[in-house]
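For this chain, numbers begin at 1 and follow the sequence in order.
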Amino acid sequence: MWSYSLKRAATTAVTLLAASVIIFAFIHIVPGDPIYVLLGDTATPDQIDALRHQLGLDQPIVLQYLTWIGHVTEGNLGRSIFFQAPVLSVIADGAETSALLATMTMIWVTLIGVPIGMIAAVRHGTWLDQGLSGAAMLMASIPTFWVGLYLILIFAAWLGWFPSSGYPSIFEGGIVNLRYLVLPSLALAAPNAALILRLTRASMLDVSREDYVRTARAKGIRPWQVVTRHILRNALLAVVSAFGFTFAALLSEAVVTETVFALPGIGRLVVQSILRRDYPVIQGVILVIVVVYLLVNLIVDLSYRLLDPRVELQ
């Protein structure tokens, strides 16, 4: 385990370094200048030059990158051009919303995808299986923003059960404010739960054909025990692998969902920062997302040993 952890740490460091180069390069290739966003079209050349020098944007691109990455290694992601505040504090303001949204979404994905996938696998070939599989395909093909708009129309506008937009912090109004995240988390969960549903079904059907499952049934073990102890447990290895990819999908889909529901999260911050050409915030957010994604994948890999001690980490 220690050897594996050291290898992953080295791989993670190289991946982060490569990601930082790509992030910095692509952001500075994008057309636009934050100076004109801040000063407007009426700024004089002297004002433009002075602000460009103050922000360090007049330095060679390589020197700008080395300065930025040097600060990053010290835990400093820079200072926002628009907010005039440390990037870490700007990200922290939206971290609560995005973290809770992602957590609630993964809970929905697990509660919907895995149990219904089990039912579809157990009832393989029946009308119930075909209906659930068809519904999963339908949900996987519908855009997230479309689902979100109809959830707002039905459960917010017509029924009035949940708020349609915004999110006041749970530290201000208590846990009851989580109701603001119910609809956006369901919108995010719909296509991802469909993926987990179909993967759970397919994995369980593959495992159910193994010899040890036939042996367990021949011994007279109760059907539900065969499903939970022998089939589901071994099928979960493939399902757990998909959770890493599902989390990656959430990071991209959350940008649209947070915009639709006007949530003050990281995704909406990225959109606003791109429009403002706020380079430090864009770079910082994307780098944080890369770090979180790598950590999630590490947790997924380590969980293999918990599900199946026979798995060797390499």
Minimum side-chain heavy-atom gap [X]-[Y] below 4.5 Å:
{"X": "Met139", "Y": "Pro191", "answer": "no"}
{"X": "Leu77", "Y": "Val288", "answer": "yes"}
{"X": "Arg79", "Y": "Val87", "answer": "no"}
{"X": "Val227", "Y": "Trp224", "answer": "no"}
{"X": "Leu63", "Y": "Trp68", "answer": "no"}
{"X": "Tyr180", "Y": "Pro168", "answer": "yes"}
{"X": "Leu287", "Y": "Ile23", "answer": "yes"}

**Q.** Other ILVMFWY residues reachable from Ile22 by side-chain steps of under 4.5 Å
**A.**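 Phe26, listed by chain and number.
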Would you give the length of the straight line joining atom [atom1] of [X] to atom [atom2] of [Y], rounded to the nearest 0.5 angstrom?
{"X": "Ser203", "Y": "Ile196", "atom1": "OG", "atom2": "CD1", "result": "9.5 Å"}
{"X": "Ile119", "Y": "Arg123", "atom1": "CD1", "atom2": "CZ", "result": "10.0 Å"}
{"X": "Ser165", "Y": "Ile152", "atom1": "OG", "atom2": "CD1", "result": "7.0 Å"}
{"X": "Ile266", "Y": "Leu101", "atom1": "CD1", "atom2": "CG", "result": "11.0 Å"}
{"X": "Leu16", "Y": "Thr73", "atom1": "CG", "atom2": "OG1", "result": "12.0 Å"}
{"X": "Thr12", "Y": "Leu17", "atom1": "OG1", "atom2": "CG", "result": "12.5 Å"}

Which heavy atom of [X] sits nearest to which heavy atom of [Y], and what is that distance?
{"X": "Leu159", "Y": "Phe155", "result": "CD1-CD2, 3.9 Å"}
{"X": "Arg217", "Y": "Ile231", "result": "NH2-CD1, 3.7 Å"}
{"X": "Asp278", "Y": "Ser80", "result": "OD2-OG, 2.6 Å"}
{"X": "Thr97", "Y": "Pro264", "result": "OG1-O, 3.5 Å"}
{"X": "Tyr167", "Y": "Glu96", "result": "OH-OE2, 2.7 Å"}
{"X": "Asp211", "Y": "Arg214", "result": "OD1-NH1, 2.7 Å"}

Q: Could you list all the side-chain hydrogen bond (donor to acceptor under 3.5 Å, both in side chains) pairs where at least one residue sits in residues 16-27, not counting sequence neighbours?
A: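 Matches after skipping sequence neighbours: Ser20-Tyr65.
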Q: Please list, chain by chain and in numerical order, all residues satisfying side-chain contact (heavy atoms from CB on, under 4.5 Å) with Leu178, sequence neighbours excluded.
A: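 side-chain contact (heavy atoms from CB on, under 4.5 Å) check on Leu178 returns Leu100, Met104, Ile170, Ile175, Leu181.
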Q: Under the side-chain contact (heavy atoms from CB on, under 4.5 Å) rule, collect the residues that match up with Thr15, sequence neighbours excluded.
A: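 Result, side-chain contact (heavy atoms from CB on, under 4.5 Å) vs Thr15: Thr11, Leu294.
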Hphob cluster co-occupancy, [X] + [Y], side-chain heavy atoms under 4.5 angstrom:
{"X": "Leu111", "Y": "Leu236", "value": "no"}
{"X": "Leu195", "Y": "Ile116", "value": "no"}
{"X": "Ile107", "Y": "Ile112", "value": "no"}
{"X": "Val14", "Y": "Leu66", "value": "no"}
{"X": "Val182", "Y": "Trp158", "value": "yes"}

**Q.** Qualifying ring pair (Phe, Tyr, Trp, His ring centres under 6.0 Å) pairs, either residue in residues 98-150, two or more places apart
**A.**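 Checked against ring pair (Phe, Tyr, Trp, His ring centres under 6.0 Å) - neighbours excluded - the pairs reaching residues 98-150 are Trp146-Tyr150.
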Are the side chain of [X] and the backbone N or O of [Y] linked by a donor-acceptor pair below 3.5 Å?
{"X": "Gln283", "Y": "Phe24", "value": "no"}
{"X": "Gln59", "Y": "Gln64", "value": "no"}
{"X": "Ser98", "Y": "Ala95", "value": "no"}
{"X": "Arg209", "Y": "Leu205", "value": "yes"}

Could you go through residues 130-138 and list every donor-acceptor pair under 3.5 Å that involves a side-chain atom there, pairing it with any protein atom two or more places apart or in another chain?
unit_1 : atom_1 : unit_2 : atom_2 : d
Ser133 : OG     : Asp129 : O      : 2.9
Ser133 : OG     : Asp129 : OD1    : 3.3

Q: Take Met118 and Leu232 through the test side-chain contact (heavy atoms from CB on, under 4.5 Å) and record every step on the way to the result.
A: CA-CA 8 Å; Met118 288 177 57; Leu232 179 62; 3.6 Å; yes
Q: Take Ile221 and Val226, measure what side-chain contact (heavy atoms from CB on, under 4.5 Å) needs, and give me the verdict at the end.
A: CA-CA 7 Å; Ile221 298 178; Val226 174; 3.9 Å; yes
